[in-house]
Amino acid sequence: MLTILFDGIAYGMLLFVIACGLAVTLGLMNFVNLAHGAFAMLGGYCAYVLVNVYGVPFFASLPVAFMFAAMIGLLAERTLYVHFYNRSHLEQVLFTIGLVFMTSAVVDYFLGSQQRFINLPAYLQGRFDFFGVGIGKYRLLIILVCALILIVLQLILGYTRFGSRLRAAVDDQRIARGLGINVNWVFALTFAVGCGLAGLGGALGAEILSLEPHFPLKFMIYFLIVVSVGGTSSITGPFLASILLGIGDVAGKYYAPRYGGFVIYTIMIVVLVLRPQGLFARGTSK
Amino acid sequence: MNALETIGLEKRFGGIVPTNDVNLKVREGARHALIGPNGAGKTTLINLLTGVLKPSKGRVKLGGTDITNLKPHQRVARGISRTFQINQLFGELSPLEAIALVIGEREKLGTRFWRAFGSDEKIVGEAIALAKQFGLADVLGERTSSLPYGKQRQLEIALAIAGKPRLLLLDEPAAGVPEAERHEILETVAALPKDVTVLLIEHDMDIVFGFADRISVLVDGKLFVEGEPKEIENDPRVRAVYLGERTDD
Amino acid sequence: MNTGNTVQDSVTALKKKRAWHWLEYVFWLAAAASVFLLPSQHALLTQIAIWSLFALSLDLLLGYAGIVSLGHAAYFGFGAYVAALFAINFTGEPITGLIVAGIAAGLLGLATSLLVLRGTDLTRLMVTLGIALVMYEIANQMSWLTGGADGLTGMPVNPVLGIFPIYFRPANSYAYVLIVCFVLFFVAKRIVHSPFGYSLRAIKGNPLRASSIGIPNNLRLIAVYTIAASYAGIAGALLAQTTPVVSLTYIDFQRSADVLLMLIIGGTGYLYGGVVGSALFLVAQKFIGNITPQYWEFWIGFALVVIALFARDRGVFSIFERILGALRNDKAKP
């Protein structure tokens, strides 16, 4: 029982790390980025190639995966995404689905379509018993890393100049520009960090999320659920939504494997219909 | 008999109260003007009257019937029609199509899905006649989005009038129209039959005094004073409000 | 200044818009001729016709009412399963099957439209996607009824109206599909050029103004959503009747994405976009997809990105635009 809870939290934490970048693009910049999962996949494959092919230590591969996804994200933002900020949602959807298809095809072409596993160091394998609760070492690591990221994110957003600039840029672009904030640069950097975190999450979660070329499409709906159910008024909303979704999904697969997906999608629809601003959004004007 | 009456109408957005206990009475057949400085809550009031916004408190009555709970399109069916301060047109349609659409909806024929649009001679005839009145005859078949601003402004008002309203709400109809064309626009409105009540929301004093037979002044969401144009013109408090605002600009 | 003439011109222009263009006659005659002239391509042509009908149903939503759907396959798949189950349990007469599937999918559309139309367009995207996913899960889980991942087989296909056999007769079956498509195109054309159709355009163009000239926006959108769902259901039923197995691919995300892509390739808002798009798509798939599936996926993605980048003037498809511009009748100023 508690093991399921624990696994669910680990899973939810991963979803959060991957999806928090999407919360910014979708929620704050009002950009429907269906390709967000592609960056997570790229991070995952980056770590896979480093660890399995070049024998780089697992821990060293994580920051590289972050940087790799962030750089590609930055490049994509500056060259492609930037043309779509003021376009209709339909055009954004078409563009980002197109990106997903292209990335999946490229990965499939070079690395094959089968599921890949990253060779984990021996000390991360197995479980230990903690007051009768079976704790997977690897999952514990995920929780620790993700919690660390969450704390750092909160600190950056709340206490740094960049954080206040981002909030200003999101609140009112025009005024932020007037204050001399380079909004384009703030958005680009935020986008890159969001992609980097997705890449890190992809690398960290390759084991749990099953790394294969159609990863972005398979998890697209999960990331969207995190953002739309969690709302985008804070970081806590998506975080709580991720944890709930993670626990719900793991528990669903365990107790009612046949109805898991059905229940999750239905809940998403109900939440969207009843609370279009997200489940945890504070009552905003209108 | 009042064509329109609001009773204790109030709208709050968080801590802001753009409409505060407004008791407005507009007589049947009146050419009533609602004036007030920028930010007085004129447009919010219009949105409450047309049902775009729900009031936090108070009632709206049209010809004695309570319409507070009706949706915008239901209020249109009861005879309220409006224009917008910023043009709200159908860019893809031609003026002829747009006007004919309004007339068709007015006649409750909008759900016909098998009959061809524009095949009803009566509707098309009426649309053409109205378009001519508003100087749109020479651009009837063009896309609305390609029309010059002045024509679009005329169409904005023509669409509202095509609904044959009992109460017409005009939200700054002359906004953005050059001095010379302003009177043209208001002449058409002034020439409407007397069974149409007109409530004009306007910022420009010259237009108001040339048009209205009754004036209400709205300041900070409240009805400040109401009376004949003469009274308002000579009211020192109204002058103070406007003079005060002009120095602010 | 001869205003009398321009008034008359604009009235004629209005009439012309709804009249059949000569290209439409040519197109349908060519389609009819292909039944006799292109026997080797009947399988492909049947596919194109069915996808065209499916894309037409999405065009009613997107092109005329402005509703973006990421889950239109929900109604397509539902119609297909209903048609198959109806044929297995009641009668294999195809027209009856189409009608039943159309009504069933329409009812599903009616029920789900209440969910879809509540939010902003972003929530609409998510809700349409979610509905399709839920339908997929249901079809997957109710394997005792739908065959689950194995698909549903053994659907009887009797002669149409008891006289015209289509089972394993490609030419007949293509002719049958084509006639159904023609009837439904005809009906769609009547609808979009009716006062109802114009009110949809008005809602798409400016919902605020539409409601303030007395149009009940939500009721009209519910109506068109229901009609579109019903069309999609009939398209699904057609595919079920002309292929040996109804499977989960009828209802998956790929199908929703493909139909959206076909429609966008061909262009929205003039009914024939889906025909152009599905023809290009399926022919290209036949050639590129034969090399390797990855190539196909890559180029589809590439096409999407390019179209999205240049969608405003339809970029690389401006050539088509020019030809079809005449069809749409938005000719240059007189």
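Letters A, B, ... mirror the listed sequences (proteins, then strands); counts begin at 1. Small disclaimer: the values here were computed from a predicted structure and weren't measured. Heavy-atom basis, side chains included; hydrogens, waters and symmetry copies ignored.
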message: Quick check for you: to the nearest 0.5 Å, what is the distance between B:F84 atom CZ and C:L208 atom CG?
response: 4.0 Å
query: Given that the side chain runs from C-beta out, which part of B:V52 has a heavy atom under 4.5 Å from chain C: side chain, backbone, both or neither?
result: side chain
message: Please rank C:I215, C:L14, C:V11, C:V187 by heavy-atom pairs under 4.5 Å with chain B and give me the top one.
response: C:I215
message: Does any part of the side chain of B:F90, heavy atoms only, come nearer than 4.5 Å to the side chain of C:R201, both counted from C-beta?
response: no
message: How long is the straight-line distance from CG of B:N87 back to CZ of C:R209, given to the nearest 0.5 Å?
response: 8.5 Å
message: Do C:N218 and B:K71 make a side-chain contact, defined as non-hydrogen atoms from C-beta onward lying under 4.5 Å apart?
response: no
message: Between C:K15 and chain B, with a heavy-atom cut-off of 4.5 Å, which part of the residue counts as in contact: side chain, backbone, both or neither?
response: side chain
query: Between B:G163, B:G118, B:A116, which shows the greatest number of heavy-atom pairs under 4.5 Å with chain C?
result: B:A116
query: Can you tell me how far the CG atom of B:L159 sits from the OG atom of C:S212, to the nearest 0.5 Å?
result: 9.0 Å
- prompt: Tell me, do B:T111 and C:R220 make a side-chain contact under 4.5 Å, heavy atoms counted?
  reply: yes
message: Under a 4.0 Å threshold between the charged nitrogen and the carboxylate oxygen, would B:E97 count as salt-bridged to C:K17?
response: yes
field: Interchain contact, B:L109 with chain C, by part (heavy-atom threshold 4.5 Å)
entry: backbone
